[in-house]
Amino acid sequence: MSDFTIYNTLSREKEKFVPLHPPFAGIYVCGPTVYGDAHLGHARPAITFDLLFRYLRHLGYKVRYVRNITDVGHLENDADAGNDKIAKKALLEQIEPMEVVQRYTDNYHRNMDQLNVLMPSIEPRASGHIPEQIEMVATILEAGYAYISNGSVYFDVEKYHQSNPYGQLSGRVLEDLLATTRELEGQQEKRNPFDFALWKQAEPEHIMRWKSPWSEGFPGWHLECSAMSRKYLGDEFDIHGGGMDLLFPHHECEIAQSKIATGKDSVRYWMHNNLITINGQKMGKSLGNSIILDDMFSGNHPLLEQAYDPMTIRFFILQAHYRSTLDFSNEALQASEKGFARLMKALSILEKLPRSPQTTIDIDGWETRCHDALNDDLNTPVMISHLFDMVRQINLINDGKEQVTDTDIARLGLKLSAFIFDILGLRDNSIADSGSTVLPDVIRLLLDIRQEAKKNKDFTLSDRIRNELGNIGIKVKDGKDGAEWEMG
RNA sequence: GGUCACAUAGCCAAGUGGUUAGGCACCGGUCUGCAAAACCGGCUACAGCGGUUCGAAUCCGCUUGUGACCUCCA
C-alpha cells in the first residue's frame, strides 16, 4: 500500500504526510462565521475535512481536529459600514448578538449532523479567546512588527517581508500588491494598503467590543485562527485547512503573524478545498443562487426540482475531488442520488449472496486500489469508481457468474463498511433499517397476500395492492425471489 | 487592469506521455401475467490552432471561453 500524500498549497506539490509527533496529528480548519444559515458553501469544507479527519483516524493516528466558530465582528464593506456582520444583524432583528450567534451555531451543528459530519475534537469560539488574541497582538508589537494607529494595531507587512517571504502561500508578489490595491476609505490609518489589522478600535455604534491596552474594540480579522490554533495545537502543527477563497489574504496573514508571534513556521501542510458552482455559476448571495442546506434538504427553492437527502449531497460532493470546482445541478444531483442508491442496494444483498467453495474475484487487489486512491491526496472520485466496480462484482456473484466463499463475504463486508461508512462517512438511511419494524412487517404482510393473489391469477387484487401502496409512497418492485419495496 | 486556476462524450466527474476510470441519461438483452424495478451488455470524449515526441487529453506556445483572488467580507 502506498503512503498517504497530501497536496500542500505551500509547495504546490503532493507530499507524503509525516506528522510532527506521531502517532498524533493536529488539524486546524477555518469554520463558519455564524451570522446566517449554513449553505452549500459550508458543506464542502466541512465534508472535505471530515473525510480527512476520518481517514487519518482510520490510518491509526490520534487526531486532534480543531474547527473554530467565528462569532466576533467582521466589518462588511459593501453596506453602510461601521458595524460588524454579527452586530448588524443583531440590530436588525433587535436581539442580542450572542443570541444570533447561538441560533446560527445550533443551525450549523444540526445541518452538519444531517450530513453526518463528525464534531471536531475542539470547536473554539473567537469570542472566548479574546485574552489569547490580545496577548498575541502584544507579542507582535513588542517584536516590532506592528504599529499603533488611532487606537488600532496594524501588522507591518513591509517590515515582515524584509526577512520573511510574504505572499508565498498565495503566490503574491508584494510589489504587485502595492500597484494593484485600490484606494478605500479607512486606509489612511495604515502605512501600506496591504497591512492588516491585529486590533481594531470600535466605532461608537459597534456593539461587540472588548477592553484592550490600545482601545476598546475587537480583534483583527485573521488573528483568531492564529491564536486558537496555537493554543490547542501548539506553535507548530500538521495540517491547516480551509476554502480556497481564504487563501489570500486570510491564510497569508495567519502565516505572517504566527511567524512573528512564535518565531516558527506554524503550519506544515496547507490544504484548500475548491468552491462550488451552481449551474456553472459561482454561488453567492449577490447572485441570488445561494441555497441554504435546509432548503436543499426540503427542496424548497426555485432552483431545485426536488428535495435532496443529505446523503445524496454528501455522496455528490465526494464524487468530485476536493481541489476541483464542483457544479451543482438537478441533473447531476439526481445522478448521484441514483448511484448512491445502487451502491446501498449492492451492500444490502451482500449478506444474501450464494456461498461457493472458492472465490473468483480479487478482493485484496480491490482493497489496495481503494486505499491507493485515498492515499493519493484523498482521491474519493477514483475510490468511489472502485466501489462501483465491486458493486458489479457483487451483482455478478448474485447472478451466479462469479463466486465467493463464506469467509470472503464476511471479509468483504467489513472492508466495504469501513470504506463506505467509516471513511466516506456515508449513512444508509433507507426506512427499512431505522426505527420501528412495524411498518416493514405490515408491508411484508401485504406483499405476501399479493404474492398469493398472483399465484391464483387474481391480478385485480395484486395490482390493487401494488397501486395503492404506490399511492401512499411505497414502491413495489417484483424480483426473482419475491417482491421488494422501498419508500420513495 | 494584475495574479492564478480551469476548459474531458447528452449531464456530472477522474485521469499528468503509450492498457476503454466511474456515475447518471440513452440503446440493446435477461427476468416478468403486465408494467416498473433490478441485473448484464453497449455507448472510446478530451475548446481551437501550432509545436516537441516513435507516440499527447496528458509537455510547450498562441487564441478563445469560464472562474477565483487582488477589500478592514471570511
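So that the names make sense, note that chain A is the first sequence line, chain B the second, and so on, each numbered from 1.
Atom P of nucleotide B:C39 and atom CD of A:E402 are separated by 16 Å, given to the nearest angstrom. Counting to the nearest Å, the C1' atom of B:U19 and the CZ atom of A:R369 are 14 Å from each other. One can place NZ of A:K454 at 13 Å from P of B:A35, the figure rounded to the nearest angstrom. One atom, CH2 of A:W199, and another, C1' of B:C72, lie 14 Å apart when rounded to the nearest Å. Rounded to an integer number of Å, the gap from CG of A:L333 to C1' of B:A25 is 15 Å. Spacing between atom CD1 of A:I384 and atom C1' of B:G23 amounts to 9 Å, rounded to whole angstrom units. When the P atom of B:G22 is taken as reference, atom CG of A:D372 falls 18 Å away, rounded to whole Å. Atom C1' of nucleotide B:C69 and atom CG of A:N274 are separated by 12 Å, given to the nearest angstrom.
A:P249 comes within 4.0 angstrom of a nucleotide base, judged by non-hydrogen atoms across all strands. Using a 4.0 Å heavy-atom cutoff across all strands shown, A:K457 reaches no nucleic acid atom at all. Within 4.0 Å of A:L275, counting heavy atoms only, lie sugar-phosphate atoms of the nucleic acid but no base atom. If you check every strand for non-hydrogen atoms under 4.0 Å, A:F388 touches sugar and phosphate atoms only.
Using cut-offs of 30° and 60° for the angle between ring planes, the A:F328 and A:F316 rings count as perpendicular.
A donor atom on one side chain and an acceptor atom on the other are found under 3.5 Å apart for A:Y154 and A:E189. A:D327 and A:S329 are not linked by any side-chain donor-acceptor pair at a separation below 3.5 angstrom, with hydrogens and angles left out of the test. Side-chain polar atoms of A:H39 and A:S290 form no donor-acceptor pair below 3.5 angstrom.
B:G67 and B:U30 are spaced 47 Å apart, taking the C1' atom of each and rounding to whole Å. For B:G42 and B:A21, the P atoms lie 14 Å apart once the distance is rounded to whole Å. Comparing the C1' positions of B:U16 and B:C26 gives an interatomic distance of 31 Å, to the nearest angstrom. Spacing between B:C24 and B:A14 at atom C1', rounded to whole Å, works out to 15 Å. The separation of B:C11 from B:A45, taken at their P atoms, amounts to 15 Å, rounded to a whole angstrom. Comparing the same atom, C1', in B:U64 and in B:G28 gives a spacing of 40 Å after rounding to whole Å. Across the P atoms, B:A47 and B:C12 are found 15 Å apart, a figure rounded to whole Å. B:A68 and B:A57: their C1' atoms are spaced 24 Å apart (whole Å).
The side-chain contact (heavy atoms from CB on, under 4.5 Å) check on A:P32 picks up A:V34, A:H42, A:I69, A:Y108, with sequence neighbours excluded. Partners of A:R230 by salt bridge (Lys or Arg N to Asp or Glu O under 4.0 Å), not counting sequence neighbours, listed by chain and number: A:D235. The side-chain contact (heavy atoms from CB on, under 4.5 Å) test applied to A:L246 returns A:C30, A:H250, A:H251, not counting sequence neighbours.
Side-chain atoms of A:R466 come within donor-acceptor range of the base of B:A35, with a qualifying N/O pair under 3.5 Å.
Phosphate proximity of B:C40 to A:N395: present, with a side-chain N or O under 4.0 Å from OP1 or OP2. Of the side-chain N and O atoms in A:R342, one or more sit less than 4.0 angstrom from OP1 or OP2 of B:G23. For the pair A:K338 and B:A25, the criterion of a side-chain N or O lying under 4.0 Å from OP1 or OP2 is met.
Residue A:R172 has its side chain nearest to B:G2 when only B:A21, B:G2, B:G10 are considered. Among the nucleotides B:G10, B:C39, B:G33, the one closest to the side chain of A:E331 is B:G10.
Here salt bridge (Lys or Arg N to Asp or Glu O under 4.0 Å) pairs that include residues 375-388 of chain A, with residues two or more places apart or in two chains, are A:K14-A:D376, A:R323-A:D377.
The partner of B:U32 cannot be assigned: no Watson-Crick or G-U wobble pair with both contacts below 3.5 Å exists in any strand. Here B:C62 sits opposite B:G48 as a Watson-Crick or G-U wobble pair (both hydrogen-bonding atom distances under 3.5 Å). Across all strands shown, the partner of B:C26 is B:G42, judged by Watson-Crick or G-U wobble contacts whose two distances both fall under 3.5 Å. A 3.5 Å limit on both hydrogen-bonding distances identifies B:G1 as the Watson-Crick or G-U partner of B:C70. Summarising the base pairing, B:C54 is matched to B:G18 through a Watson-Crick or G-U wobble pair whose two defining distances lie under 3.5 Å.
A salt bridge links A:D463 to A:R466: at least one charged side-chain nitrogen sits closer than 4.0 Å to a carboxylate oxygen.
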Pull out every protein N or O sitting under 3.5 Å from an N or O of nucleotides 41-46 of chain B, one pair per line with the distance.
| unit_1 | atom_1 | unit_2 | atom_2 | d |
| --- | --- | --- | --- | --- |
| B:G41 | OP2 | A:R392 | NE | 3.1 |

Just the atom pairs and distances: protein N or O near nucleotides 12-16 of chain B's N or O, under 3.5 Å.
| unit_1 | atom_1 | unit_2 | atom_2 | d |
| --- | --- | --- | --- | --- |
| B:A13 | OP1 | A:D327 | N | 3.1 |
| B:A13 | O2' | A:Q319 | O | 3.4 |
| B:A14 | OP1 | A:H321 | N | 2.7 |
| B:A14 | OP1 | A:S324 | OG | 2.9 |
| B:A14 | O3' | A:N379 | ND2 | 3.4 |
| B:G15 | OP1 | A:N379 | ND2 | 3.1 |

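Applying the 6.0 Å contact sphere to CZ of A:R464 captures no more than 12 heavy atoms from other residues, nucleotides or ligands.
Aromatic rings from A:Y55 and A:F4 are positioned such that their centres are separated by under 6.0 Å.
Residue A:S170 is the one, among A:F459 and A:S170, whose nearest nucleotide of RNA chain B lies closer to the 5' end (criterion: closest heavy atom). When the nearest nucleotides of RNA chain B are assigned to A:K401 and A:C30 by heavy-atom distance, the more 5′-ward of the two goes with A:K401.
The CG atom of A:N273 lies 9.5 Å from the CD1 atom of A:I317; values are rounded to the nearest 0.5 Å.
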